[in-house]
Structures are given as structure tokens and as C-alpha cells.
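Residue numbers begin at 1 in each chain, while the letters A, B, ... track the order of the sequences.
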Amino acid sequence: MIQLIELTVNGERHDLAVEPRRTLVDVLRHDLGLTGTHVGCEHGICGACTVLVDGAPVRACLMFPAQVEGADIRTVESLAAPDGTLNDLQQCFSAHHGLQCGFCTPGFLMLAEGYLAEEPDATKEEIREVVASNLCRCTGYQTIVEAIDDCAVRRRAALQQQLDGSTA
Amino acid sequence: MNEAAFRKDGAWVGASVPRREDPRLLAGRGRFVDDITLPGMLHAQFVRSTEAHAEIRSVDLAEVRAVPGVVAAFDAADLDLRDITALLDRPAAEFVPTAMPVLARDRVRYVGEPVAIVVARDPYAAEDGLEAAVVEYAPLEPVVSDTAALAPGAPLVHAEAAANTLVDVSMFATEGIEETFAEAHTVVRVQTRTGRQNALPLETRGVVADWDDRDEQLRVQTCSQVPHQVRTVLARCVGLDEKRVRVTVPDMGGGFGQKCVVGREEIAAAAAALRLRRPVKWIEDRRDALTASFLAREQRYDVRAAFSADGEILGIDADVVCDMGAYSCYPFTAGIEPLMASAEMPSVYTVPAYRVRARAVTTNKAPTAPYRGVSRPQYVMVVERLFEKAARALGLDAVELRRRNLITTFPYTGVNAVTYDPGSYLESLDLCEATLREEGWFDRRAEPGRVVGIGFACFSERTGYGSGAFAQRRMAVVPGFDLSQITMDLDGTVAVTTGTLSHGQSHETTMAQIVADRLGLPYERVKIVQGDTDRITYGWGSFASRSITIGGSAVAAASVKLGERLREIAAHLLGTDLDSTALDGDGGVRAGDRRLSYAELADVAYLRSHLLPKGLDPGLSATASFDVDGDGTFSNATHGVVVELDPGTGGVRILRYVCVEDCGVAIHPQVVEGQARGGIAQGIAGALFEQVTYDEAGQPQAPSFMEYKVPTAAEIPDVRIEHLETPCAFTESGAKGAGEGGTIGAPAAVLNAVNDALRHTGTELDDTPIPRESIFRALEVGR
């Protein structure tokens, strides 16, 4: 059996004919060629496949495409500018050495993007709790927490500066 | 970012420059093996044994081949491949060679053992195919523990291995050791078991293989730490010349040792691609990774230590049994764990007498491979427990007892015939203890109402095993050296090969830093070439913290040679002698006030070679090798841990973790810290959480992350790291290895801290992972 599916990924619309049992992560990776999203466990624990669906982090290995038709799906490929310039969160990961082999990294980036959009005032301890959603085998997590916290601090400072500027 | 801002004293080595690997990995533009798609590619999965121990009566794949989407299915007879056999140069009494067939032929020896390969148009259809396979087994009694394996009359896992023993070595046996123990003031004993673990790279194993008619090569893209060894084994198994096999390694999502042995599945998938003349991809799923890949660490120790009345260690007497599972891994064999433990157990202490028997037993469990630290997490734990017990018995402070026995004069040749190069054993202990004291943790420990303990672990770690050290282990294939070739292009940029293989350790950055300093080039102008058997002369890959010590020394030596060649050409062109020239540290050669840039020299070397000195070959390249002459170099560290126990649950909370480490010259301090923190997380995982268990039928009991408990950011604490620097005298940059230390120290430090917290209960716990219920019970009784 084949299903016709319409997905919007990183702002681009795709029409697909897929088997209904095919997972979202396989469709993203192998039908759309967006291989930045990784597969670590296929049972929803490790979070390497985390993508944003309407802004919320989800495990793409536990989703079927039919569940996300009409939704706004974002993957790690959406973060950097078209010329390759990394966004602030990605730069913080690099500056803090928040990645080693880089396999889990796209999942952590999307988890953090979704979380910080929802909770821009998150404390470092709250960030640590959210980081505990995903697995990393290389870093020991400390530098991931520090990278996300640094990014949150910078975003808050930038926002404050903007507010100060608009009132001045 | 301003590149100059990252340079310290004008040198690249020692500066935490931005990692060259980061931009692609952060943008989702890395290329891991499962990201590779080739035209017409097929997907493989394996029919795996459901029995721990059985004879195979029949394998029927007819129904498999009829499943929609399935293209082919092969069993051992269909593929007819040579076995994988790893050897030691040891007599039969010490080592029994056993063959590991690529696909099980007439017998299965663990649940998950590959029996047949199914190749289909997509991975879903391949899994459909697995369900249609009919394998008839005649079950045999399984051997599921080391004690069962050694029991008289136990069933044999391999008919040729009596008493299920693959390796049995007795070593050192210092003269008079019996008397030493008989006459000693105090003898303490540790009996412990450590749990079977999975190294658990987050990227599971995988391969893409295809036969290329134009190159007449079987091209294998595989996530392996040892591509040349994969080539050698694959060529033998399928009967091709080595030149007809090209193994390349894309980005790798960790390895930690699990990928530094040759896997049966990568051979089988490549053989299927060769047979079908179509690309075949195999990606291991997590269930197979947890149950049927290579495991590690399941060991049993019975060790005694003798001490004098004033706390001087007099001897260690050890019996070690390692449960290596069903097969010997290539190239290390089942000797990897027992030979490491027996060779190095005296650790950082001046132990005058030593005796050890170490065995590898075979059981009906998934086989084992090296895992980060290899036996050192265990024997360090044992030795550090011995010191804690001796301190209690003697009424001494355990830190003080260590101080009295640490090696402080270097080089030091131990009772184990190993020579230790200079380190900061005492200094690291002093600094670690002082740090915890200054932070107030000893006061917290004394507060009433809380169950708080402090634990330490002192250790060193041999890094940079040269061919001499591996030859001492009597491996039949002896790793050790590394070869590097450097080539400068027309614009003065260089490409440098290394036989090592980065899979998270940042070699594209750190090796480039080493070359940059040698040639006076920005590190952006240095390209590191790794993981390609066609482009790199035989290499040994990355394991045993060898990459920066040995591989880094080889790239440094090649750079220096190229520098000499550049000076030779410059001297000729400038009409001066060689000694009057020097690299100017800024991409050129100077002689007095005259200068030629590398690009100008390359222009002559390639485009106007008639101007070269007579007898000098055109082009700009140099090759150099490096091997360790002697016993290698020892990194060292002291770990200090503060834990609090929860009387309500028996849970362990780590309040503080301090690591004082010395890996000589740190090429990239941030990377060194990352290695330490990641290693410590894996060590804590072994101490408190992770264990692969089997039931009495040999069925694995941890097939998912629900049962195999990998710690998260909620369990792993922040780690304070302090650096000491005792440069290595013989590596080209003064660096020692930094890859494994974190993992080695953590289990001992955590276990000691837990026992310190239990000091009022009368209970001592020596096994890992530390059973939570044992802590709970101890606190209940001791309340």
C-alpha cells in the first residue's frame, strides 16, 4: 500500500508517495535527503532524531508522516544561513566544545531550539533537565548545557538591548 | 573570528582553536555511513540466532526469497567465506585459537549470532524477509557465566578449548612472594565482579559496499576505527587481492573500541555486494547493537595485597577471569582484557612483589572487543579498593597510605617489567585532595544527618603502545607504528595523511595544529587525510590513546622532513648553503634578508623543475614514520568524587567531581577536557548504571534503552578539571595520550566514595554496577 503525503519541511513543500509504515525520520533522511537528522535507537529514547513539529521537539523515529501533514516541520538543516553561516546556537556549541563525534548533535540542537523558543528565560538547571531528554556518549553533557545556557543568555541580552534601544 | 586570537605564544599547539570538524557536523552536513546512498543500492539485515548454544540442523531461506522486495538471501554455505581468525604467538597452554565464521555454519554460540544475510530493495522489506527465515536448531546446554564455564564437566563452547579457556597466563611470580604474604603485618583481599558493558557509540555499526568495475575494486565505506585491518580480513575472507579492496571511513558517530575490531556483518554485507554486483548497505539497529555487537568489561577479580605495619605495600597476588563471550575478536583476540590486566595491575605504586594468573573464558554470550580503558577501569578499581581496605585495617588515612606508596622517582621500572616515564602521580593526588578540601567537601562529609562520602582514585595509563609493547603481549599481528605522508601543493597548502582515524577526537584540528607549528602555516592550510586504504599506507587506526602520541609524532616528523626539502630548494635558488636557511614561521624560507614563500618554492618544484638542484626529485612531498622505542608513555590523573546516598532509595547522587589530569603537552586543552569529561561519564555509567545481563538460557535481558540504562545529563555531574603538565620526552610534541583516562578513574573513585559514605554501616561493596538495593539494605541495617 502506498500513501500520498504532503509535508512542509524547512518551509519547502514536498509531495510524497510512501508506505504508511515508513517513519518520519526515514522519509526525512532517505526520501527528502535531509540526512542531518540522525537515527540512534528507533525507540524514542536517545533523541538523535529530534525535529521540530510546529515548534515543538518530537522524536521523528516515533512519528509517521501522516501524523504531521499540514504541520511546519523543521530540521537541523534549517538552522544555518544559506551561505553556511552557523546560527547563534550552533556557534555556542562550537565555542563550548558541545560536540565531539557530532552524531547526537542535531538532536540536541533541535531540542534546544524548541525549548528556548518556548522558555527564553530558562535557568541553567532547567536547561540541564531538558538536556536530560537526549543521549550523548562523548561529551558528558556539561558542555552541551553550557552551550545552550550561553546561547540563552546572549539571546536575552540581545533582546534587552533591543528593548533598551527602542525606549531610548 | 580572528585566527591570531587563538594562538598562544605564536604556536598552534596549546591553543583551543575552533574545531575544523564543527561547521559540517553542526549544520547537519556531515557524512555518516547511513547518509550514503548509491544508485541501485540494496539493504541488508541478518537472520540471527535465537538460541544461545545450538547445532544448526537446517537453514531454509526459500520463503525469505519470496518476500516482496527481497532480492537475495545467503547463508554460510551460499557465501562460502573464509573464517576470521585472530592469533597470539603463544603456546597452546596459554592460548587456544578459535575461528569466527562470518556467518554461523553448523553451530551458534550466542543469541544474535548472524546465520544468514537478507538483501532487499529497502530496509523494511529486508526485515520482512527475516521473519520468513526457517532455521532449525538442536539446542545445547548454554554456558552463561565464567563460573559455569570453568566448572568441571561444563559443556564446551568451542570443542578445541578445554575448560572453555581461550587464554591462561601466569606471570611475574616474584621470588619469595609466598613468604611475603605469610609474614606480612596486614593482608587485605578484594573479590569483585564488574558488569558486562556496551561501549555504545551512539551511531551503531554500518557499512555500504559496492563492486566498482572501472576501478576493479570492492569499495567498502564502513564506520571502523581500523580500516586497513578491515581490508586485510575482507580480502582474505572473499579471496581478493588487497589492492582489489578499498576501505574508506566517513564521519563516525563514536567507536570507543567497539569499532576497532573487524565485524562479521561488514564482511558479509561486502561479500553480498560482490556476489550481487550491486551496492549493499547494512545499518545495525539498536536492538542488535545492544545484544549482538561486541561487548566488554565482564571480569572477576580475586586479589590480595600485603602491607607492612607502617603502610608500605609489599606485594599483590591476583587472579583474574575475563568473560570474553563466544569468539576472539580480530586483531586483538580474547587476550585483550586478561593480558592488559596482568601486565599493568601494579598501577601507580611501588609494588615490590607481584604474581598474577589471568584467564579469558569463552561463554555463550555476544563476543567482546576492546572498550575505552580495557581492563584498566577494573584493575584500578581493585587496587584502589585494596588501598582503602588496607587503610582501614591499619588505621591510616587512605590518601596518606597512597602517598607513602606512589611512584615518585622516574623513570621507574616496575615489578611487572614496565618502565614508567615521568608523571605527576603525587602532585595530582595532593592537588585533587586540596581542591576538595578548599571547596569544603570534607566539612560537608562530617555534617550529621547526611550520608556523604568522598572517594579517590590514582592511576596512570600507558598511551602510545609501540610495536615493542604489543610484541610483548605476543600478538601475531603487531600494531604500533604510524606512517605519514605530507604533500605540498602549488599554493603552499599541505595535505597530510595519518594512519590513525578520528571518530570524535578532533584529529582534523589537532593534527593540523601540530603540522601548522612545524611548517609555520595557519592550520586552515593543512588538510588531514585519514580513513582511506588507497590513499594511506598501512595504518593501525585509532585505539589505546595512540593517535596523538604516535600518529601526531609521525605527522610532525613528515612535516619536518618537508621543511628540510623546502630549505634545500631555497638554498639552491638563493645560492646559499642549507645551514644559512630557516623556515620563517610564516609560510616561507629565509636566508639572511632574502625570502622565498612556499608558493614560490612549489612553483619551482612543480612548474619549473629544471631549476631544482641536480638529483632532487620534482614535487614536494615527504614520508616519515614513528614508533615508540620502549614501553610507551604514561598519562596520569587523580579523580576525587563526593557522593550522597539516598537512604530512601539506595540511589547515589554525585555532588562533586574533580579530575586532576596530566597528559603532557595538551595540543588543544578544550579537546583534552572534552575527552576527560566524556570518559568520566562512561566510567560513572559503568560504576552505577549500565549492565548487559542474560537469563539462565543465555537470552540477553537488555535489548533496548529501557533496560540498558545509559546515564543522561540528570545523572552525570559537571566535572572540575585541573591540568598538570609533565611533557613526554620522546613524542614529537611532548604530548601523551588523553583518550581513555576519564573512563579509567571514574569507577574506582565512585566506588570508594560510596563505600566511604557507608563507613558507619559495616558494609563494603566491591561490585559494579553498584547494586542500588545493596546500598539501600546497608543503610537500612546501619541506620
Side-chain angles (χ1 to χ4, degrees), chain A residues 19 21-22 26 29-30 33-46 48 75-80 84-87 89-91 93-107 109 127-146, chain B residues 16 18-19 21-32 34-37 122-124 199-204 251-256 283 285-287 289 503-506 670-671 673-682 684 704-706 710-719 742:
Chain A
E19 277 190 84
R21 65 176 176 174
R22 210 161 161 76
D26 280 348
R29 287 177 49 77
H30 300 303
L34 296 168
T35 54
T37 305
H38 295 152
V39 181
C41 73
E42 289 180 289
H43 56 279
I45 305 281
C46 81
T75 69
V76 68
E77 284 89 350
S78 69
L79 298 184
T85 306
L86 301 179
N87 83 354
L89 180 67
Q90 292 167 312
Q91 288 180 22
F93 265 68
S94 184
H96 288 269
H97 194 29
L99 68 157
Q100 290 181 25
C101 77
F103 192 79
C104 71
T105 310
L109 288 170
I127 288 169
R128 175 172 283 275
E129 274 178 40
V130 169
V131 166
S133 316
N134 286 13
L135 296 181
C136 167
R137 196 58 167 174
C138 295
T139 62
Y141 303 105
Q142 179 175 342
T143 53
I144 295 177
V145 174
E146 287 170 355
Chain B
S16 291
R19 288 207 319 163
E21 294 87 344
D22 281 354
R24 70 172 187 271
L25 296 174
L26 284 162
R29 298 181 66 87
R31 186 171 68 250
F32 295 89
D34 191 30
D35 301 342
I36 297 165
T37 300
D122 74 56
Y124 292 73
L200 209 97
L202 207 57
E203 179 205 36
T204 56
D251 281 323
M252 241 170 97
F256 314 116
I283 301 297
D285 71 15
R286 182 55 65 184
R287 183 193 160 87
H503 44 288
Q505 301 94 326
S506 324
Q670 198 181 38
V671 164
E673 293 195 358
Q675 289 295 311
R677 289 204 172 91
I680 286 166
Q682 292 186 10
I684 292 171
S704 82
F705 283 148
M706 299 300 282
V710 184
T712 70
E715 289 81 35
I716 301 300
D718 283 355
V719 177

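Contact between A:Gln142 and B:Val719 at its shortest, heavy atoms only, is OE1-N, 2.7 Å. When every heavy atom of A:Leu109 is checked against every heavy atom of B:Leu26, the shortest pair comes out as CD1-O, 3.4 Å. When all heavy atoms are compared, the tightest approach of B:Ala714 to A:Ala132 is N-CB, 3.7 Å. Nearest approach of A:Val131 to B:Ala713, heavy atoms of both residues: CG1-CB, 3.6 Å.
Separating the NE2 atom in A:His97 from the CD atom in B:Glu673 is a distance of 9.0 Å, to the nearest 0.5 Å. Atoms CZ and OG1, on A:Arg128 and B:Thr712 in that order, are 9.0 Å from each other to the nearest 0.5 Å.
With a threshold of 4.5 angstrom between heavy atoms, A:Leu99 approaches chain B through its backbone and through its side chain. Proximity to chain A (any heavy atom under 4.5 Å) is shown, for B:Phe705, by both the backbone and the side chain. Proximity to chain B (any heavy atom under 4.5 Å) is shown, for A:Leu135, by both the backbone and the side chain. Proximity to chain B (any heavy atom under 4.5 Å) is restricted, for A:Asp26, to the side chain, taken from C-beta onward. At a 4.5 Å heavy-atom cutoff, the contact between B:Ser704 and chain A is made by backbone and side-chain atoms alike. Contact of A:His30 with chain B is made through the side chain alone, with heavy-atom distances under 4.5 Å. Proximity to chain B involves both the backbone and the side chain of A:Ser94, based on heavy atoms less than 4.5 angstrom apart. Both the backbone and the side chain of A:Phe103 have a heavy atom closer than 4.5 Å to some heavy atom of chain B. Using a 4.5 Å cut-off between heavy atoms, A:His38 contacts chain B through its side chain alone, with no backbone atom that close. Proximity to chain A (any heavy atom under 4.5 Å) is shown, for B:Gln675, by both the backbone and the side chain. Looking at B:Glu21, there are no atoms closer than 4.5 Å to chain A (heavy atoms on both sides), in backbone or side chain.
Interface summary for chain A: among B:Met706, B:Gln682, B:Arg24, the most heavy-atom pairs under 4.5 angstrom belong to B:Gln682. For chain A, the option among B:Val671, B:Asp122, B:Ile283, B:Asp251 with the highest count of heavy-atom pairs below 4.5 Å is B:Val671. Per-residue counts of heavy-atom pairs under 4.5 Å with chain A were compared for B:Pro711, B:Gly30, B:Pro717; the largest is that of B:Pro711. Listed options B:Leu200, B:Val710, B:Thr204, B:Ile684 were ranked by heavy-atom pairs under 4.5 angstrom with chain A; first place goes to B:Leu200. By number of non-hydrogen pairs under 4.5 angstrom with chain B, the leading residue of A:Gly140, A:Ala48, A:Gly36, A:Cys136 is A:Gly140. Taking A:Arg22, A:Glu77, A:Glu129 one by one and counting their heavy-atom pairs under 4.5 Å with chain B, the maximum is reached by A:Arg22. When the candidates A:Glu19, A:His96, A:Arg21 are compared by the number of heavy-atom contacts under 4.5 Å with chain B, A:Arg21 comes out ahead.
Ionic pairing of A:Arg29 and B:Asp34 is present here: one or more N-O contacts between side-chain nitrogen and carboxylate oxygen are shorter than 4.0 angstrom.
Checked by atom type and distance alone, the side chain of B:Gln670 pairs as donor or acceptor with a backbone atom of A:Ala95 at under 3.5 Å. One N or O on the side chain of A:Arg137 and one on the backbone of B:Ala199 form a donor-acceptor pair closer than 3.5 Å. The backbone N or O of B:Asp285 lies less than 3.5 Å from no partner atom in the side chain of A:Glu42, so there is not a single donor-acceptor pair. Using modelled atom types, one side-chain atom of B:Arg19 and one backbone atom of A:Gln100 make a donor-acceptor pair closer than 3.5 Å. In this structure, A:Tyr141 contributes its side chain and B:Ala681 its backbone to no donor-acceptor pair below 3.5 Å.
A 4.5 Å side-chain heavy-atom check between A:Cys101 and B:Leu202 finds every atom pair outside the cut-off. Counting only heavy atoms from C-beta outward, the side chains of A:Thr105 and B:Leu25 never approach each other to under 4.5 Å. Residues A:Ile45 and B:Arg286 are not in side-chain contact: their nearest non-hydrogen atoms beyond the backbone lie 4.5 Å or more apart.
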